[in-house]
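Order of listing sets the numbers, starting from 1, for every ligand and every atom in it. Position 1 is the first residue of the sequence; numbering continues from there.
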Amino acid sequence: MNTKFETITLDISGDIATLTVSREKSLNALNKQVHTDLKECLWQLRENADNLHGMIFTGAGEKAFIAGADIVEMSEMTAQQGYDFSVLGQQVSVLFEELPFPVIACVNGFALGGGCEMAMSCDFIYATETAVFGQPEVKLGLIPGFGGTQRLAKLIGRNKAKEIIYTGRNVSIDEAVDLGLVVKKFATQDEMLAAALKTLGQISRNSPLAINEAKQVMNQANDLTLAEGLRLEAERFSDIFGTAEMKEGTSAFMEKRKADFSVK
Ligand code: DAK
């Protein structure tokens, strides 16, 4: 698997990957090259997913997770290029959502515009005390273009999302926790990354198949009515009946031992 990219770094340690946007001088702003690298890397991770149980997604340095789409690059785009850029960014966010293992966004510093949107494409967000969230696109004469109008509203409620998007104001870490945008806050970046690894380790002891099914059902349910979501849940619940992992999990319970899902 190729781990060399121009604007991102991919480290794999055991069954956990760490993907870092590495444009520290531009506060990790998302230009076309970052999106192209992310798209290629996420495709490869999807193809090699059997050996992985989780991923951390973060930004290089202490100042920013991602300070948004690259404003300099965007300022010169035509409408067609803007459309292509938006589609590319949306493809990346869908690839994050479709990875068959959990992804934790670890937010250090600014997560503005496209940065906030990329974090929301992950399964959940951990952040440090210095984290600042926001969708300031309207200040630039733009609207969120990587899914922010949709995902923020679904995560925190439409009216709160409208207030944040219309004002373009910054959201502090404490407010982000209160809103449910951030799951946990940490004093330092090292503490956050250690906690994310610990959480992924804990998750990886559970059935990978069940984790993936839960992830896909919960993500897809976003676009469904409750009745449709319940039907989907019942279908996917029954799909895992009879699988080796379900047999191992239930047998281990009855035999009063820990399940070992690495045995296929
Ligand atoms: N793009 C490009 N460069 C950026 C950047 C960005 N988003 N953010 C920061 N930088 C660069 C700065 O220009 C500066 O570069 P040099 O001058 O050193 O060359 C360097 O990073 C350090 O930044 P500052 O000097 O500004 O650092 P400060 O601590 O003073 O301020 C800041 C930090 C994060 C408050 C500030 O940099 C800032 O306000 N940045 C912009 C934040 C922002 O507005 N983000 C949202 C971007 S808009 C769409 C597709 C996508 C989108 C919309 C539509 N379609 C195609 C429909 C998404 C849009 C966005 O994300």
Side-chain angles (χ1 to χ4, degrees), residues 5-9 19-39 42 57-97 105-122 125 127-156 160-176 179 181-182 188-189 192:
F5 298 92
E6 199 178 316
T7 61
I8 60 174
T9 56
L19 179 55
T20 308
V21 179
S22 300
R23 288 188 78 215
E24 205 176 331
K25 280 192 184 145
S26 304
L27 304 189
N28 302 318
L30 300 167
N31 62 9
K32 221 173 117 193
Q33 189 59 48
V34 176
H35 275 136
T36 305
D37 286 349
L38 283 174
K39 189 175 167 186
L42 291 169
F57 179 51
T58 194
E62 303 228 330
K63 196 166 168 187
F65 168 69
I66 294 170
D70 191 309
I71 300 170
V72 182
E73 193 180 74
M74 272 195 308
S75 69
E76 288 168 3
M77 285 180 189
T78 61
Q80 181 59 47
Q81 287 168 331
Y83 179 82
D84 294 344
F85 186 60
S86 179
V87 168
L88 185 60
Q90 288 171 356
Q91 285 171 340
V92 169
S93 50
V94 170
L95 280 167
F96 270 115
E97 286 181 336
C106 284
V107 172
N108 41 310
F110 295 105
L112 301 175
C116 187
E117 291 169 301
M118 283 297 145
M120 288 191 290
S121 307
C122 298
I125 303 174
T128 60
E129 278 170 1
T130 61
V132 177
F133 295 84
Q135 297 288 162
E137 288 86 347
V138 293
K139 293 184 173 177
L140 299 165
L142 290 164
I143 65 165
F146 299 140
T149 57
Q150 308 304 305
R151 289 195 183 89
L152 189 61
K154 282 176 179 158
L155 262 173
I156 67 169
K160 287 178 188 164
K162 280 183 172 175
E163 192 260 350
I164 288 169
I165 289 173
Y166 295 176
T167 59
R169 70 179 175 83
N170 284 349
V171 174
S172 71
I173 176 64
D174 289 329
E175 186 184 359
L179 288 167
L181 181 61
V182 168
T188 66
Q189 200 166 348
M192 170 174 67

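With hydrogens and angles disregarded, a donor-acceptor distance shorter than 3.5 Å links the side chain of S86 to the backbone of G145.
Partner of H35 under the ring pair (Phe, Tyr, Trp, His ring centres under 6.0 Å) criterion, out of F85, F96, F5: F85 alone.
Heavy atoms from other residues, nucleotides or ligands lying under 6.0 Å from CD of E62 number 12 at most.
For residues 61-82, every residue pair satisfying the ring-ring contact (aromatic ring centres under 6.0 Å, His included) rule, not counting sequence neighbours, is listed here: F57-F65.
At a heavy-atom cutoff of 4.0 Å, ligand 1 is surrounded by K25, S26, L27, A29, K63, A67, G68, A69, D70, I71, M74, G82, S86, F110, L112, G113, G114, P136, E137, L140, I143, G145, F146.
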* Please lay out, stage by stage, how T20 and S22 fare under the test side-chain hydrogen bond (donor to acceptor under 3.5 Å, both in side chains). => CA-CA 6 Å; T20 308; S22 300; 5.5 Å; no
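Minimum interatomic distance between Q135 and G113 (heavy atoms only, all atoms of both residues): NE2-O, 3.5 Å.
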